[in-house]
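Remarks on the structure that follows.
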Amino acid sequence: MIREFTKGLFKENPIFVVLLGLCPALGVSTKVINALGMGAGTLFVLVGSNIFVSLLKGFIPEKVRIPAYIVIIASFVTIVEMVMQAYAPGSLQ
């Protein structure tokens with residue numbers, strides 16, 4: 001059982017294996033509050049876009065599925081960026 005649990009930490013972790021999640025992992029902050037804000041933004045984008053994509057999966061034609069997913073994820077990233085600029089303008093400099 002412990003072997004199955006630890007398999008996801010290193011062998012099957014996308015940051016280490018596929019490097020897809022590397023951009024948020026590379027974010028370096030000088031203050032803990034900035035790191036928490038980035039973590040919250042990343043969590044919002046991941047959860048929000050996954051829920052939205054799951055809801056629309058049956059309605060999006062197969063030919064435009066990947067571009068539609070990119071637009072959905074980019075929209076969530078834009079929302080987070082605008083909210084961060086509105087409420088924490090000095091932290092994005």
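Connection of Phe59 to Ile72 is established within a shared hydrophobic cluster, with ILVMFWY side chains joined at heavy-atom distances below 4.5 Å, either directly or through further cluster members. Cluster annotation: Val71 is not connected to Ile79 through the hydrophobic network of ILVMFWY side chains, with a link wherever side-chain heavy atoms come within less than 4.5 Å. In terms of hydrophobic clustering, with Ile, Leu, Val, Met, Phe, Trp and Tyr side chains grouped at heavy-atom distances under 4.5 Å, Leu46 and Leu56 are assigned to different clusters.
Nearest approach of Ser49 to Ile73, heavy atoms of both residues: CB-CG1, 3.9 Å. Closest approach of Arg65 to Lys57, counting heavy atoms only: NH2-O, 3.4 Å.
Here the CE atom belonging to Met38 is positioned 8.5 Å from the CE atom belonging to Met84, to the nearest 0.5 angstrom.
Under a 4.5 Å side-chain heavy-atom criterion applied to ILVMFWY residues, the cluster that includes Val47 comprises Leu43, Ile51, Leu55 as well.
Under the ring-ring contact (aromatic ring centres under 6.0 Å, His included) criterion, Tyr69 pairs with no residue, sequence neighbours left out.
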